[in-house]
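Values below: every heavy atom of this structure, side chains too, minus hydrogens, waters and symmetry copies. In the text below, chain A, chain B and the rest are named by the order of the sequence lines, each starting its count at 1.
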Amino acid sequence: MTVTTIERLADHVGQTVTLRGWLYNRRSSKKLHFLQLRDGTGIVQCIATLEHFGEERFPEIGGLPYESAVTITGEVRADARAPGGFEMDADKVDVVSVSEEYPISHKEHGPDFLLSNRHLWLRSRKQVALMKLRDEVIRTIRNFFHERGFLNVDAPIFTPNACEGTTNLFEVDYFDEEKAYLTQSGQLYMEAAAMAFGKVYCFGPTFRAEKSKTRRHLTEFWMCEPEMAYANLDDVMDLTEDLLQTIVEAVLANRRADLEILERDISALEKIQKPYPRITYTEAVEKLKSTDHKFEWGGDFGAPDETAISSEYDRPVLVHRYPQEVKAFYMRRDPEDDRCALGVDVLAPEGYGEIIGGGERESDLEVLRSRIAEHKLPEEAFKWYLDLRRFGTVPHGGFGLGLERTVCWLAGIEHVRECIPFPRMLHRIYP
RNA sequence: UCCCCGGUAGCUCAGCGGUAGAGUAGGUGGCUGUUAACCACUUGGUCGUAGGUUCGAAUCCUACCCGGGGAGCCA
């Protein structure tokens, strides 16, 4: 017997095949059961009749609890009445396991309940669609960099002495009397790798012990960080634009059905075309001031500021040349305005805020040393990093893209916690 | 750390001083193809915890715990 999956049913019309999955929903009348089977690739309705199964088996089938594991064999039929266009006339229903009463219904639930049942919540239609979207984004990112000659060079998860303070870092014991920290960013390592391979990227989990309880924060999230040797800020901005455009197009081309399940406003994504607007921080501040927004030059943007700026555009906006005080020590100063750093943040449309942060790095040894001193950082910890400026230093830059925030925006959902299979958040580490 | 909102049936919520409710899930029966199916009946509760006010508290007060949203923070 041919075993297949629900997404491939179109290839089997008129044939008898076996599907293996779980009972998603069922409805019954006197002589018919409508069994909705899900298998991770889709949902299909299977028809079981009293006539075929008989007085004994028919009620058993109709009494199966939701999420019972079943394999169903039958003939595939195209049927306009069925959602998805195909149905199966069940010939055999084999019960692999009878589920206990399933806690998650097709009605609404609260976030606490759903998060505590994340291991089961993942089976729900929207969550399946969201994980497929995430997968699409990840694969597109990897292909994007591969096709452009970037080498995937991953950064370590354990890192030594904290760069600046330890309040935002997760500390772990590292053998005897030594502390290690979970990485916040692979960037410094990518700078080393870029000097070895030219163009590189890392893609992995990062950890931040920030006590943030907002829809944009996770304590563990995935970040993709490309880094390029012989690159300036404009090269970095071009790359962010190309990457985001490629992702948007891939999602529209390959995940339209999932976007529809997520009830995403697809037209908003279709409007996104290069070039994206590029404005300086200073211009952004002027825009804020021209509304009734209170903002002074020199501060970093908060979430409401980012929303105000991005709401003027129907595509991502690149904000560049921030005050150097709000940016990291390794950011190169703007040669034309010493107050500014050559950094860029990309703000997603529709109020989703920052999804990319990056810029051109300081490549001069002495300038970098004085920055480290200004920031009161221990030079000892950066000895290896400073070596990169001793041995063949070149202009270089890159950025970090937050995966969950990007998926959140593309999917048009409320909270990043749904964009990662098992979210880690403040005071929540189960399941 | 701060501000706002909430905690009542497995789940989602109503009730806001006078005997604990609905929808849904579960159970039983019915139904000519249903689409979050529908119809009838039905099981199910230390009203977050501990004190207090009151003749009487799910309801008012205090403290604590837990959750949600936001601020700060997010090189």
Worksheet item: Reckon A:His415 has a side-chain N or O less than 4.0 Å from the OP1 or OP2 of B:G68?
Response: no
Item to complete: Verify the contact: side-chain N or O of A:Arg417 to OP1 or OP2 of B:G69, cut-off strictly under 4.0 Å; return yes or no.
Response: yes
Discussion item. If only side-chain N and O atoms count, and only distance matters, is there a donor-acceptor pair under 3.5 Å linking A:His217 with A:Thr214?
Written reply: yes
Rounded distance (Å) that lies between atom [atom2] of [N] and atom [atom1] of [X]:
{"X": "A:His217", "N": "B:G72", "atom1": "NE2", "atom2": "P", "answer": "10 Å"}
{"X": "A:His33", "N": "B:G30", "atom1": "NE2", "atom2": "P", "answer": "12 Å"}
{"X": "A:Leu64", "N": "B:G26", "atom1": "CG", "atom2": "C1'", "answer": "15 Å"}
{"X": "A:Lys327", "N": "B:C74", "atom1": "NZ", "atom2": "P", "answer": "11 Å"}
{"X": "A:Tyr102", "N": "B:G27", "atom1": "OH", "atom2": "P", "answer": "17 Å"}
{"X": "A:Tyr385", "N": "B:A75", "atom1": "OH", "atom2": "P", "answer": "14 Å"}
{"X": "A:Arg215", "N": "B:A71", "atom1": "CZ", "atom2": "C1'", "answer": "13 Å"}
{"X": "A:Leu169", "N": "B:A75", "atom1": "CG", "atom2": "C1'", "answer": "10 Å"}

What interatomic distance, in whole Å, is found between [atom1] of [M] and the corresponding atom of [N]?
{"N": "B:C3", "M": "B:U35", "atom1": "C1'", "answer": "46 Å"}
{"N": "B:G51", "M": "B:U59", "atom1": "P", "answer": "14 Å"}
{"N": "B:C55", "M": "B:U42", "atom1": "C1'", "answer": "37 Å"}
{"N": "B:G44", "M": "B:G23", "atom1": "C1'", "answer": "14 Å"}
{"N": "B:G21", "M": "B:U8", "atom1": "C1'", "answer": "10 Å"}
{"N": "B:A9", "M": "B:C4", "atom1": "P", "answer": "27 Å"}
{"N": "B:A50", "M": "B:C65", "atom1": "P", "answer": "15 Å"}
{"N": "B:C5", "M": "B:G45", "atom1": "C1'", "answer": "25 Å"}

Interface polar pairs with nucleotides 1-10 of chain B, N/O, under 3.5 angstrom:
none

Item to complete: Mark up nucleotides 32-41 of chain B, 5' to 3', with B wherever a protein heavy atom is under 4.0 angstrom from a base atom, S wherever such an atom reaches only the sugar-phosphate, and - elsewhere.
Response: -BBBBB----
Worksheet item: With A:Phe145, which residues qualify under ring pair (Phe, Tyr, Trp, His ring centres under 6.0 Å), at least two apart?
Response: A:Phe150, A:Tyr201
Item to complete: Using a heavy-atom cut-off of under 4.0 Å over every strand shown, decide if A:His427 touches base, sugar-phosphate, or nothing.
Response: sugar-phosphate
Discussion item. Base, sugar-phosphate or nothing for A:Pro59? Non-hydrogen atoms, less than 4.0 Å.
Written reply: nothing
Discussion item. Whether A:Arg134 and A:Glu404 form a salt bridge (side-chain N of Lys/Arg under 4.0 Å from carboxylate O of Asp/Glu) is what I want to check.
Written reply: yes
Worksheet item: Taking 4.0 angstrom as the limit, do A:Arg321 and A:Glu283 come out as a salt bridge?
Response: no
Return the pairing partner of [N] with a 3.5 Å limit on both distances, Watson-Crick or G-U wobble; otherwise return none.
{"N": "B:G67", "answer": "B:C5"}
{"N": "B:A20", "answer": "none"}
{"N": "B:G51", "answer": "B:C61"}
{"N": "B:C41", "answer": "B:G27"}

Item to complete: Kindly determine whether A:Tyr276 and A:Val346 satisfy side chain to side chain contact (heavy atoms under 4.5 Å, CB included), including the steps that lead there.
Response: CA-CA 10 Å; A:Tyr276 301 164; A:Val346 181; 5.6 Å; no
is_close_aromatic([X], [Y]), centroid dist under 6.0 Å:
{"X": "A:Phe295", "Y": "A:Phe301", "answer": "yes"}
{"X": "A:Phe329", "Y": "A:Phe382", "answer": "yes"}
{"X": "A:Tyr24", "Y": "A:His106", "answer": "yes"}

Worksheet item: Distance-only, no hydrogens or angles: does the A:His109 side chain make a donor-acceptor pair with backbone N or O of A:Ser105 under 3.5 Å?
Response: yes
Practice prompt. On the 0 to 90° scale, with breaks at 30° and 60°, tag the A:Phe207-A:Phe170 ring pair as parallel, tilted or perpendicular.
Written response: perpendicular
Discussion item. Among A:Thr406, A:Val407, A:Leu410, which residue satisfies the side-chain contact (heavy atoms from CB on, under 4.5 Å) criterion with A:Ile355?
Written reply: A:Thr406
Worksheet entry | Toward the 5' end of RNA chain B, by each residue's nearest nucleotide, A:Gly302 or A:Met425 | A:Met425
Practice prompt. Could you pick out which residue, A:Asp112 or A:Pro65, lies toward the 5' side of RNA chain B when each is mapped onto its nearest nucleotide?
Written response: A:Pro65
